[in-house]
**Q** 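Please find one structure pasted underneath; my questions will follow.
Numbers restart at 1 for each chain; the letters A, B, ... are given by sequence-line order, proteins then strands. Values reported hereafter were calculated over all heavy atoms of this structure, with side chains retained and with hydrogens, waters and symmetry mates removed.
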There are 2 protein chains.
Amino acid sequence: MRADALKNRERILEAAETTFARLGLSVPIDVVAEQAGVGVGTLYRHFPTKEALFEAIVMSRLEELVDEAKTRIDANDPADALFSFLRRFANEALAKADLFDAMNAAGFDIKSRCAEMVDEMRRGIDILVVNAKAVDAVRPDVTADEVMSLISGTCMAARQSRLDDASCQRMVDIVCDGMRLAVAT
Amino acid sequence: MRADALKNRERILEAAETTFARLGLSVPIDVVAEQAGVGVGTLYRHFPTKEALFEAIVMSRLEELVDEAKTRIDANDPADALFSFLRRFANEALAKADLFDAMNAAGFDIKSRCAEMVDEMRRGIDILVVNAKAVDAVRPDVTADEVMSLISGTCMAARQSRLDDASCQRMVDIVCDGMRLAVAT
DNA sequence: GACGATACGGAACGATCGTTCCGTTTGTCA
DNA sequence: TGACAAACGGAACGATCGTTCCGTATCGTC
């Protein structure tokens, strides 16, 4: 690997990270290339497809989240384990627009490697939810799918409406509170 | 107006309503035309632009929602007024994908007439929220913008994940419960 | 310093989609 | 029924975007 090529590869990754985070997966690939100070041809030699570049950006963060979910499975306080993870997930999603795109694209395209990672995250959340239910910390009828959709949908909407940080945090609070066990119906 | 033209106009509206509801604003205009059994040229003579057709479909429903919000302002029970409206809003949004697109497009394009209508809905919800706060039925710190984003984001995510009806209803329940006043922190 | 392999840039291609244009058909009215 | 305006259908246009291709520049080695 030539030194020049290595430098360009890193510049592309850097540009893609900031650009995808700001504008999501929908930005034209030319914009990323320009941001990196590189021609499109160069970009495509390093990453055979737009999706590949996207995966390179998102997969590591997704893996890290999955790891954090799994780590919390053995925590002492199942309620805190679930809710602290959800808050961590929300903050990640609020900061970087591309996480949603990864999760939504994952829902549609079977082929994407992100899909597996998202599915593994769902399994992790499922365990956290089951544990939290065991100590009556969350409603007994809620599912992991619902929890994921609730958090990601909330963050997506908050981001789209350009709400400020306090609003975003409050919205996550509201969703988490709602998932807790209702005292009496 | 020729009889033929009138019939086609209605067929276009009908096709657009079902197609937009199912697939959202992103469906190609050709699909709507084909569904209506009509050429694209005909469609464009009746509606000068895709956005115009979309407005024709969505505006009336949006107006109806705004009316319902305003009607509930004078209700006896402010808490029920707010939450029954939110449930109504959620059901409308869950049934028809185009409502989101209207609201999101409204956020971006100043020009769209939908934007004004969405803004008016926000004002209506704001009053409902203020009234509900007055009787301690919702958290004192939540805003109308947050309420709208919470509901629409939740419905959008539920729809995207193709969750079943029971899940969708439960998610709306969770969000509404979370907005209620926390008993003690 | 020169040569060959490697990498670069960006013009060009093909697909998609909103919109326009025009030759043809069809409804309406005398 | 005939003629004209109104309406129709769909091919074609232009813009956007992902991807490919190839002539040119650059790096690494002797």
**Q** Using a strict heavy-atom distance below 4.0 Å, which residues from residues 15-29 of chain A are in contact with DNA chain D?
**A** Val27(A), Pro28(A), Ile29(A)
**Q** What residues form a salt bridge (Lys or Arg N to Asp or Glu O under 4.0 Å) with Arg87(B), not counting sequence neighbours?
**A** Asp173(B)
**Q** Please state how far atom NZ in Lys7(B) lies from atom C1' in dC8(D), giving the value in whole angstrom units.
**A** 11 Å
**Q** When you check every protein heavy atom under 4.0 Å of nucleotides 3-15 of chain C, what one-letter string (B, S, -) results, 5' to 3'?
**A** --BBSBBBB----
**Q** Scan for salt bridge (Lys or Arg N to Asp or Glu O under 4.0 Å) pairs involving residues 26-47 of chain A, sequence neighbours excluded, and state none if there are none.
**A** none
**Q** Under 4.0 Å, heavy atoms only, any strand: does Ala3(B) hit a base, just the sugar-phosphate, or nothing?
**A** sugar-phosphate
**Q** Once rounded to the nearest 0.5 Å, what's the spacing between atom CG of Leu43(A) and atom NZ of Lys50(A)?
**A** 10.5 Å
**Q** Could you name each residue pair satisfying ring-ring contact (aromatic ring centres under 6.0 Å, His included) that touches residues 27-70 of chain A, not counting sequence neighbours?
**A** Phe20(A)-Phe54(A)
**Q** Rounded to the nearest angstrom, tell me the gap between atom CD in Glu51(A) and atom P in dG18(D).
**A** 12 Å
**Q** Send over the distance from Leu53(B) CG to dC17(C) P, rounded to a whole Å.
**A** 16 Å
**Q** With a 4.0 Å cutoff (strictly under), does any side-chain N or O of Thr49(A) reach OP1 or OP2 of dT19(D)?
**A** yes
**Q** Looking at residues at least two apart in the chain, or sitting in another chain, which of them share a side-chain hydrogen bond (donor to acceptor under 3.5 Å, both in side chains) with Arg61(B)?
**A** Glu92(B), Asp98(B)
**Q** Enumerate the salt bridge (Lys or Arg N to Asp or Glu O under 4.0 Å) contacts for residues 7-20 of chain B, please, sequence neighbours excluded, ordered by first and then second residue.
**A** none
**Q** Could you state the OH-C1' distance from Tyr44(B) to dT20(C), rounded to the nearest angstrom?
**A** 10 Å
**Q** Does any pair with a residue in residues 18-28 of chain B pass side chain to side chain donor-acceptor pair (under 3.5 Å), and if so which ones, sequence neighbours excluded?
**A** none
**Q** Taking side chain to side chain donor-acceptor pair (under 3.5 Å) as the cut-off, I'd like each qualifying pair that reaches into residues 140-156 of chain B, sequence neighbours left out, listed once.
**A** Ser161(A)-Ser149(B), Ser167(A)-Glu146(B), Arg170(A)-Glu146(B), Arg139(B)-Asp141(B), Thr143(B)-Glu146(B)
